[in-house]
Structure formats: structure tokens, C-alpha cells
Amino acid sequence: MMIILAATLLPCAEPFCMVRINETARFRPDDMKEVLRINAARPGSVDGYWFDLPMWNNLPETRKALEAYNPLRRRCDELGVTFDAQVFTLGHGTIWAEKTTAPHGLHPFPDDAWQVDPDGRRLNMLCPRASATQSYVKDYFAMLGETLKPNTVWLDDDLRLGFGHEDGCFCDSCLKAFNSEYGHAFTRAELAERLFKGAEREIVRREWLRFISDSLAAYGAAARAGVDRTHPSCKLGYQSVSSASLRATGQDANALMSALAGGGRVPTAIRIGSGCYGENLSEIVAKMLDIAREVERCRASGIPFAQICNEQENYQREILHKSAEATMVESALALAVGCDSLAEYRWGSRGEPMLDYAEFAAKTAAWRPYLKRIAAFSRGTALGGVARFVGSDYDLTRRFSVLDDNDAHISGLGVPLTVRESGTRCFYVDELTMEEWGADDARKLLADGGSAVVSTNAWDALLAKGGEPLRKAAADGR
């Protein structure tokens, strides 16, 4: 169950409905023409396209590949839709680190440009702090701005330190920088031990998460500096992963988003809410909470956002059995919890039949008036209900997450559920809360007339740690 409450108004941003286009589009021009025709014949089915653009080849080869998109760029202008770009950032674990297996034309990154895992193994992902990465990113984004002048460039969700198990980068340069910044002298093994096997609570974990945030922000700053050379009005957006995971972005994405916005000079954008490939209700509820959490963080950050949109995981929907109707329902929910626009589809990955795409386009056009009304209403709302009280020391524990499986259980019981970032003063407290409990959390829990539902397994620990204020509140029925 979800309840919408009044909150701060965010500006509405166009394009409203976007379709992502796989890189195969430039090798299948006839199919791409048909995509454009289908959308043009169904007004309202799309406002802009995100084109997957090539990256990481040597720059002369990359320029040729980017220039091949100019006919599509002009056609988008003729149709009155935006031309946006989507680019890989650090590699999805699929960039070839060994020169002997590298495909022809890959940029020759040096050995010290690659991420390293806690065991000292080199990963097939680039380190955002490496000078070679920084240099390439600046030159690439300058070239992209010059050749195609995109409305927005979206940084793909491979902007992470590690892939599949994001532990951070333990390369020599990162290790040296971390030790210098926080006054430590850890070896790689010593740092990994403290982070992942150390005491129940470790201050070094909080420091490491901040360091991760700053590392990703360094990539964002390089991208901003590059595009500013040739297309300074271009917006840079971030395609995030789970807002509950601290591994993916560190403490949060604010440092990165500020860098992408050039310190507030150019509005940024974010696409949130990964996962949910099918039509499972509990997965949809979890995804909506994920979106609500990130929306509220964006609103509170003070960073200018031109777009806050969802990620619709539906490629290929015929294979994954996610219908056009389910896509529309999920879209409506995403708008209701705070998004102002929709990233609705990914076309071109595996030769999907055009009939399927036409069905999706027709459904989008039909639902658009309803979706627009929801978006207009929800711009002034926040998600109301009960939120798990996250202890102040959450970033000191080994979990590296604020996710709680009890959310899905409580929602299934019909209890209106929200996230702590929404400003709610009604919480539930469970065993995870007590694992994260901070010295001042009793006061925070009761501030401004706050109230809490406490699980029986957490009650004794809560009274022991909360002291007299919580005993009195319990006696008063709060």
C-alpha cells in the first residue's frame, strides 16, 4: 500500500517518454527507420531517444563511429524529438584488460588504469581516478559534444567500483590516496580485512564509502570538463543502481551528481529504479521504494535536476514475459512516487519483432494522458507511511546497505510504507535498526512527536540502548 503526501514541488522536465536504442541501430538502418515511423504514426508514444554510443576504442575510430549517427541526429530534429546518448563508463566488467585479447581499435590503456579487487586481481573495469581514464574521458566527451550535440548524455550504470560485488578499487593509486586522505597506512590486505572481516562496527567503513563517492565524482568531473569544451549546455545524467546499496555509490550519489551538474551550473538528470524484469508484485513494491528513496535524496540535495526518471527493465519483454500493460502500470507507479519522466523501453538488443514494438508504442500513446496527469500531481507529493528507522551507524556495519527484507513483508500486510528520506515521523524498528543504533538515535526517533512500531525481537535491545526517553515514550503509548 502506498499513500502520497504533499511535499516540495519539482520542475517538470521534457522529454517525458524516452526510448533507449541499442548500438545495433547503426548497423540496421532499415529497422531504425521503421522504429521512427512507428513512433511518428503514434503521436505521444515517444519524446526522445537514447542511443547507445560506442566508447573505449581509440579516438580516431570512435570519431568515425559517432559521426555515423549524424543522419539519425538530423532525423530526430525533423521529428521534433530529442537525441540523447547513453555511454559506458568504467566497463560492466567486459572491457578487455589483456592486450593480447583486446579487439582491434581498443584504446591502449596502461596497466595502472585498471581497477583492482581486494585480493589484488586486476578487473576488466577502469579506475576513475587513473590519469589515463581521466584523460580519455575528457577527450571522449569533448568529441561527443562536438560531433552530435546531444541534449543529454546518460552515464550507464557500470559507473561502479567492481561489478557484481562492488567492493571499491584497491589499486595502488587508490590505496595511496585513501591512506593519505584519512591518515592511515593500510596495506591492501589490511584494509580489506578491516572493511569486510573487522569488528562489528568500523569507522574505516564510513571513510571508505566516502572515498568511493569521491572516486565516482572524479569521473563525473572529467566528463563535465570534457563536454564543456565543445557543448557546455549539454546535460549529463546518471543511470543509477539500487539506492539501498552503499557499495554502488558510497554514501550516496550527491558528490557525483554535483560534479555532473558542474557545481550547479547545468541541471543534471538521474534514471533510477533498476531491476524488476517481470510482473512480480513484491519486486515492483521494492522497486518503488528504491525510486522513492532516490527521489527524496535528489529533492533534498539542492542540486538542480532537469529530469528524474525510472528505468523500465523490459528487454526483451517477449522473452521475459513483461507485457505492455505491466510496463504502463509500473510507469504509473514510478510517476506516483516521484519520477517526472519515463525511460520506457530498450529496443534492438536481439532482433525483437517490429510488431512487438508497435504494440508497445500504441499502448504508450494511449496511456500518455493518464501518465501525464499522474506526473503533474505527484510533483508536489512525497510517499507517506511508515518507514524503517535506519540507525545513524548504518555505514559502520558490514552490511553496506539500508535494505531490509521486512519492508516487503510489512507492505504485504497492507501497511502504508515509505522511506526515511520522505520526512515521515512514523517508523518501525527491528533487529537491523538495533545493529545500526547510534548514540543519539533515541532523541532522533522521538523528535517532533515521532512514533514507532517495534518488533518483539528488538524491544529489549531498544529499551536497553534508548534509555529513559524511550521507556517514558513507551509508557505514553508512542
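Ion pairing between R63 and E146 holds under the 4.0 Å rule for side-chain N and carboxylate O. Taking the charged nitrogens against the carboxylate oxygens, E34 and R37 do have a contact shorter than 4.0 Å, which makes a salt bridge. Using a cutoff of 4.0 Å between basic side-chain nitrogens and carboxylate oxygens, R271 and D157 are scored as salt-bridged. Salt-bridge formation is detected for the pair R73/D77: a Lys NZ or Arg NE/NH1/NH2 atom is positioned less than 4.0 Å from an Asp or Glu carboxylate oxygen. A salt bridge does not link D252 to R297: none of the charged nitrogens lies less than 4.0 Å from a carboxylate oxygen. A salt bridge does not link E313 with K287: none of the charged nitrogens is closer than 4.0 Å to a carboxylate oxygen.
Classification of the F178-Y182 ring pair by plane angle, with boundaries at 30° and 60°, yields tilted. Using cut-offs of 30° and 60° for the angle between ring planes, the F211 and W208 rings count as parallel. In this pair, F109 and W114 present their aromatic rings perpendicular. The plane angle is above 60°, beyond the 30 to 60° band.
A distance-only check finds no donor-acceptor pair linking the side chain of K138 to the backbone of A225 [under 3.5 Å]. Checked by atom type and distance alone, the side chain of S180 never pairs as donor or acceptor with a backbone atom of K176 at under 3.5 Å. Looking only at distances, no side-chain donor or acceptor of S301 sits under 3.5 Å from a matching main-chain atom of N254. D395 places no side-chain N or O within donor-acceptor distance of the main-chain N or O of R206, the cut-off being under 3.5 Å.
With rounding to the nearest 0.5 angstrom, the CZ atom of F141 is 12.0 Å from the CZ atom of R229.
Tested against R388 for a salt bridge (charged side-chain N to carboxylate O under 4.0 Å, His left out), the candidates D405, D404, D407 yield a single pass: D404. The one candidate from V295, I291, N310, T381 that meets the side-chain contact (heavy atoms from CB on, under 4.5 Å) condition with V337 is I291.
If you look at Y136 and W56, their ring centroids are closer than 6.0 Å.
With sequence neighbours excluded, the residues forming a salt bridge (charged side-chain N to carboxylate O under 4.0 Å, His left out) with R399 are E436, listed by chain and number.
Taking the ring axis of Y394 as reference, the NZ or CZ atom of R420 stays within 45° of it and closer than 6.0 Å to the ring centre.
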>> Working note: T89 + D156, criterion side-chain hydrogen bond (donor to acceptor under 3.5 Å, both in side chains); need CA distance, chi angles, decisive distance, verdict.
In response: CA-CA 6 Å; T89 59; D156 204 358; over 6 Å; no

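A donor and an acceptor atom, one from each side chain of S331 and E344, are located under 3.5 Å apart. In this structure, a donor-acceptor pair under 3.5 Å is present between the side chains of S45 and N39.
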